[in-house]
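Note on naming: letters A, B, ... go to the chains in the order of the sequence lines (proteins, then strands), and numbering restarts at 1 for each one.
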Protein chains: 2
Amino acid sequence: MHNELETVFAKEGYRLTSPRRAVFDVLHGSESPLAIAVIIKACPDVDRVSIYRTLELFTRLGITEIIPFGWKQRYELTSPFKPHHHHLYCTNCGVLIDIHSQKLEQVVAAIAREQDFQPAAHKFEITGLCRHCQANIQ
Amino acid sequence: MHNELETVFAKEGYRLTSPRRAVFDVLHGSESPLAIAVIIKACPDVDRVSIYRTLELFTRLGITEIIPFGWKQRYELTSPFKPHHHHLYCTNCGVLIDIHSQKLEQVVAAIAREQDFQPAAHKFEITGLCRHCQANIQ
DNA sequence: TTCTTATTGCAAATTTGTTGCAATAATATG
DNA sequence: CATATTATTGCAACAAATTTGCAATAAGAA
Ligand SMILES: [Mn+2]
Ligand SMILES: [Mn+2]
Ligand SMILES: [Zn+2]
Ligand SMILES: [Zn+2]
């Protein structure tokens, strides 16, 4: 899995350093997108500043993407490091449900085509109540 | 237009104060979502802290929503104060294109139904290059 | 008009993000 | 493997953004 990463970095002329590996590993080990504060805590040996710089670089290179998430933003690996998908977010219990919707991807393409827009990325999120929280009437 | 707002506030037991009117008017007068910093500058008579508190309240009451916007977040009025829509964002020139897509709304409903999820709101954004910036090869 | 209390503004603290620069370590090369 | 080159790091210091506590104010009820 680091091979892919080495390839991207080598091609672009960047160095694969230990702080960058650490941030990558934390993201790779997580089921869900992570807030910067969480990543900082998860990499106690890496300076705060390097986390910011690393996430900026990762996002610029398309290794990570910024995910809308209630009030804050979070970071998540993108394809090919994590398959492209979106989220349903329960505002009551905080649970995240991954969704892989072919229809949604088609709509993205259709909208871009109609507007003569060249899409690079897209964000999508539904917030509301999960099955469980609907039942336990909130 | 303030009538609608009065109604929401009265029903919820909140007071319609001059800081809250000011923030609402700034958002209502804007074509596009606004960053907090912009709203603060646009309301010179309102204390910074009150802007934060007001936007928190508006969002909690569903009067505004947080819009993903590159690295930062922005605020925009929701329906019925502003018709529901989404954005295409050109990462080169910063232009915003409003889109009203019936297909997208249908997909949102379909996904929620499939997952037995009760949707309250959704975010959507495509980033990429607008027609103009594609031409002036970037 | 008076009363009640939600809301505001201010000051201060905290948290989050940025910058400059010398020390370090990743990679290329012999 | 040893050395040279230079991208990257960590640290310190700064700057900006957001939060908190509380007394003064003003919105809405009576
Ligand atoms: Mn996910
Ligand atoms: Mn808009
Ligand atoms: Zn839930
Ligand atoms: Zn453009």
Side-chain angles (χ1 to χ4, degrees), chain A residues 1-27 33-61 63-76, chain B residues 1-27 33-75:
Chain A
M1 208 24 121
H2 273 174
N3 290 344
E4 293 269 20
L5 195 58
E6 279 168 21
T7 306
V8 175
F9 272 58
K11 187 167 59 189
E12 305 277 350
Y14 294 101
R15 295 177 181 177
L16 189 43
T17 66
S18 100
R20 287 172 183 168
R21 281 176 202 274
V23 172
F24 181 87
D25 289 343
V26 168
L27 289 170
L34 298 177
I36 282 203
V38 171
I39 301 172
I40 290 175
K41 273 183 199 147
C43 302
D45 297 338
V46 180
D47 191 87
R48 214 157 42 87
V49 176
S50 298
I51 307 270
Y52 282 103
R53 295 198 268 228
T54 296
L55 289 171
E56 193 278 330
L57 179 66
F58 279 11
T59 304
R60 187 153 44 78
L61 295 182
I63 294 168
T64 51
E65 65 182 327
I66 302 176
I67 306 282
F69 208 89
W71 297 94
K72 303 286 180 181
Q73 318 248 36
R74 298 195 181 186
Y75 291 84
E76 189 168 55
Chain B
M1 206 27 118
H2 273 177
N3 289 345
E4 293 269 21
L5 195 58
E6 278 167 21
T7 306
V8 176
F9 272 56
K11 187 169 57 189
E12 304 278 349
Y14 294 99
R15 295 177 181 178
L16 189 42
T17 65
S18 100
R20 288 172 182 169
R21 280 175 202 276
V23 171
F24 181 88
D25 289 344
V26 167
L27 289 169
L34 298 178
I36 282 203
V38 171
I39 301 172
I40 290 175
K41 273 183 199 147
C43 303
D45 296 338
V46 180
D47 190 85
R48 223 153 31 90
V49 175
S50 298
I51 306 269
Y52 281 103
R53 295 197 268 228
T54 296
L55 288 172
E56 193 278 331
L57 179 66
F58 278 12
T59 304
R60 187 154 43 79
L61 295 182
I63 294 167
T64 51
E65 66 183 326
I66 301 175
I67 306 283
F69 208 89
W71 297 92
K72 304 285 181 182
Q73 317 248 37
R74 298 196 181 185
Y75 291 83

Kindly write out the residues that satisfy salt bridge (Lys or Arg N to Asp or Glu O under 4.0 Å) with B:Glu6, not counting sequence neighbours, or none if the list is empty. none
Distance from B:Leu55 atom CG to B:Arg74 atom CZ, nearest 0.5 Å? 13.5 Å
d(B:Leu5 CG, B:Phe58 CZ) to nearest 0.5 Å is 5.5 Å
Any residue meeting salt bridge (Lys or Arg N to Asp or Glu O under 4.0 Å) with A:Glu4, in chain and number order, not counting sequence neighbours: none
Please list each protein N or O that sits under 3.5 Å from an N or O in nucleotides 13-15 of chain D, with the distance.
none

Closest heavy-atom pair and its distance - B:Pro68, A:Pro68: CB-CB, 4.3 Å
Min side-chain heavy-atom separation B:Tyr75-B:Ile66 under 4.5 Å: yes
What residues 62-69 of chain B contributes to the DNA chain C interface at heavy-atom separation below 4.0 Å is none
For the residue pair A:Ile51 and A:Arg48, establish whether any side-chain heavy-atom pair is separated by less than 4.5 Å. no
Heavy-atom nearest pair, A:Val38 first then A:Leu34, reads CG1-CD2, 4.1 Å
Expected output is a numbered-order residue list: members of residues 5-16 of chain A with a heavy atom under 4.0 Å from any atom of DNA chain C. What is it? A:Arg15, A:Leu16
Contact summary for B:Arg20 and B:Phe9, nearest pair of heavy atoms: CD-CE2, 3.5 Å
To the nearest 10 degrees, the angle between the two end axes of the helix from C:dT1-D:dA30 to C:dG30-D:dC1 (five pairs per end) comes to 50°
Residues which pass side-chain hydrogen bond (donor to acceptor under 3.5 Å, both in side chains) with A:Asp25, listed by chain and number, not counting sequence neighbours: A:His2
Value for OH (A:Tyr14) from CZ (A:Arg60), rounded to nearest 0.5 Å, stands at 4.0 Å
Counting only heavy atoms and a strict 4.0 angstrom limit, can you tell me which residues of residues 17-26 of chain A come near DNA chain D? A:Thr17, A:Pro19, A:Arg20
Which nucleotide of DNA chain C is the first, and which the last, in the 5' to 3' direction, to come under 4.0 Å of a heavy atom belonging to chain B? C:dT5 to C:dA11
Please list residues of residues 34-47 of chain B whose heavy atoms come under 4.0 Å from any atom in DNA chain D, ordered by number; otherwise none. none
Within residues 51-59 of chain A, the residues having a heavy atom closer than 4.0 Å to DNA chain C are A:Tyr52, A:Arg53
For A:Val46 and A:Pro19, work out which heavy atoms get closest and say how close. CG1-CB, 3.8 Å
Nearest heavy atoms of B:Val26 and B:Cys43, plus distance in Å: CG2-SG, 3.7 Å
State which residues pass side-chain hydrogen bond (donor to acceptor under 3.5 Å, both in side chains) with A:Thr59; sequence neighbours excluded, sorted by chain then number. A:Thr64
